[in-house]
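See structure below.
Values in this document were obtained by computation on a predicted structure and should not be read as measured data. A, B, ... follow the sequence lines: proteins, then strands. Residue 1 opens every chain.
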Amino acid sequence: MEKVWIEDLAEHVGEEVEIRGWLFNKRSAGKIHFLIIRDGTGFVQAVMLKSDLPEEVFNLYDTLTYEDAVVIRGTVRRDKRAPGGYEITLKDLEVYSKSLDTYPIPKVRPENVPDIGKLFKFRHLWIRSRKQWATLRIRDEVERAIHDFFGSRKFVRFDPPIFTPASVEGTTTLFPVNYFEKGEVYLTQSGQLYLEAGAMALGKVYSFGPTFRAEKSRTRRHLTEFWMVEPEVAWATLEDIMELAEDLVVYIVERVLENRRTELEILNRDLSKLEAVKKPFPRITYDEAVRILMEEKEKGRDIDFRYGEDFGSDEETVISERYDRPVMITRYPRKIKPFYMKPDPEDPEKVLCVDVIAPEGYGEIIGGSQREDDYEALLQRIREEGLPEEEYSWYLDLRKYGSVPHSGFGLGVERTVAWMTGASHVREVIPFARTPDRIRP
RNA sequence: GGGUCCGUAGCUCAACAGGCAGAGCACCCGGCUGUUAACCGGGGGGUUGCAGGUUCGAGUCCUGCCGGGCCCGCCA
């Protein structure tokens, strides 16, 4: 008998198959029992008829509790009455191993959903639930789309180091690690500087990996360990990289809509919100964004903002509300952006940068810029920021030996997946979230 | 770092003004041949987060500690 995965059942209608999985739920009407089995790839209902089965098999139903590991054998049928459309007429049931205790997370009763703190305590079990299953499958699709996007454009994946001797951006807090007799090094908070070296060596590169920020940021948009995609392109201007960012986001959304529709439905995601994400994205400057804020303030919105500041999450939301797709904000004041960004030749107080703000309050999903490519200007910025010049000598070399314009950006995977799935917090879209207050499980 | 709210059964929640800790789900037993968060009947289950204090009496009031939620700042 063929062993099959639930996601492939459509190819086995009429056949007798074996499914190995776990008991997700069960219901009975006496002489007919229904089992909902999950095997990781999906969920399927199996029907047990008293009239069809040996008594000892039929009676096994009574002993089943949540998350027992089971092996079932039976015939695959299409059936409108079955959740999911396919059903197994059960012929044989084997309880491979029993749950040893009451399952700590109750199943699918909305009035009975544990509070979020308890769910995270049982995160290792919570990921078996339907919504978490759907969420993590969408995350996989987003990641796969990212690799396919860059692969199809012949980018070379370039893995920057995770141990780094110095801060990339100087401002944010780093996680120190004891590194033999060399003392303290830090977990990376961005691979960007290394990616710039990669772009000069390989032309178009991107990285995909974890980054770490020791910020005690307790918000729905922050993790201390999160994943980031960072492309970096030689000879690219700000405009080039904005187009790349736009294409990437559109492609991710298309792929999720195409391949993860069932999962979006499980999550009750409003598909029209995602279907609206098409080129072109609106492009506004920082100054124009400030004007929008002032207009909203005059309309009576409670906005506390002064020109020259960075936008807080409230401001981002107010601005993004005007659009049905992500909005690109360019040319922020130099003072609130990192040293490596290139000043705008038309207004040296601004830099050639772009932030992409997702709709629906999901905030900044992309931050990017054209990099300072002039040796002297970069050196001066490093000194102004009081950064350790020695640590940046290799980075300055990139401007010493055939410097060219180049640009890149970073896309936050969790924020993007949270937006796709409609999650209320980024910690729900990564298997095991790391926040300032939680390191277990 | 700042603000704010909450800890009662495995889970979600009740418990008047301080007066015998209770219900639904889960679990166990019984019933029901198409259930869809099934349903119906019965049963077991508690050091009310921890440590003190006030009181004849504390889940309830006070103090401290521990654990957690939400919002903001910083960012992706």
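By the salt bridge (Lys or Arg N to Asp or Glu O under 4.0 Å) test, A/R383 pairs with A/E389, sequence neighbours left out.
Both distances falling under 3.5 Å, in either a Watson-Crick or a G-U wobble arrangement, occur for no nucleotide opposite B/rC32. Pair assignment for B/rG1: B/rC72, on the basis of Watson-Crick or G-U wobble contacts that are both within less than 3.5 Å. The nucleotide B/rU48 finds no pairing partner, because no Watson-Crick or G-U wobble arrangement with both distances shorter than 3.5 Å includes it. The pairing partner recorded for B/rA17 is none, the criterion being a Watson-Crick or G-U wobble arrangement whose two distances lie under 3.5 angstrom. Judged by Watson-Crick or G-U wobble contacts below 3.5 Å, the nucleotide B/rA23 has B/rU12 as its partner. When Watson-Crick and G-U wobble pairs are counted only if both distances are under 3.5 Å, B/rG7 pairs with B/rC66.
Contact of A/R221 with B/rC72 (side chain to base): no donor-acceptor pair of N or O atoms is detected under 3.5 Å. Contact annotation: side chain of A/E87 to base of B/rG34, donor-acceptor pair present below 3.5 Å.
Classification of the A/Y251-A/F149 ring pair by plane angle, with boundaries at 30° and 60°, yields tilted. Ring geometry for A/Y332 against A/Y286 counts as tilted: the plane angle lies between 30° and 60°, on a 0 to 90° scale.
Using a 4.0 Å heavy-atom distance criterion, A/D355 is classed as making no nucleic acid contact. Nucleic acid contact class of A/R427 (heavy atoms, under 4.0 Å, all strands): sugar-phosphate only. Counting non-hydrogen atoms under 4.0 angstrom, A/I366 reaches the backbone sugars and phosphates but no base. Across all strands, A/I116 comes closer than 4.0 Å only to sugar-phosphate atoms, never to a base (heavy-atom distances).
Taking the C1' atoms as reference points, B/rU48 lies 16 Å from B/rU12, given to the whole Å. Rounded to whole Å, the C1' atom of B/rG22 lies 16 Å from the corresponding atom of B/rG43. With both ends at atom C1', the span from B/rC27 to B/rG64 equals 38 Å, rounded to whole Å.
Counting non-hydrogen atoms of other residues, nucleotides and ligands closer than 6.0 Å to NZ of A/K297 gives a total above 12.
Using a 3.5 Å distance cut-off with no hydrogens or angles, the side chains of A/D39 and A/T41 do pair a donor with an acceptor.
Listed pair A/K31 / B/rG31 fails the phosphate criterion, with no side-chain N or O lying under 4.0 Å from OP1 or OP2. Between A/K50 and B/rU33 there is no side-chain polar atom (N or O) within less than 4.0 angstrom of OP1 or OP2. Side-chain N/O atoms of A/R218 include none lying less than 4.0 angstrom from OP1 or OP2 on B/rC75. For B/rC75, neither phosphate oxygen OP1 nor OP2 lies less than 4.0 angstrom from any side-chain nitrogen or oxygen of A/T219. OP1 or OP2 of B/rC71 has at least one side-chain nitrogen or oxygen of A/R220 nearer than 4.0 Å.
Both geometric conditions, a ring-centre gap below 5.5 Å and a plane tilt below 30°, are fulfilled for A/F226 over the base of B/rA76.
Along RNA chain B, the nucleotide closest to A/Y66 and the one closest to A/F122 are compared, and the more 5′ of them pairs with A/F122.
The line from CG of A/L119 to CH2 of A/W126 is 5.0 Å long, rounded to the nearest 0.5 Å.
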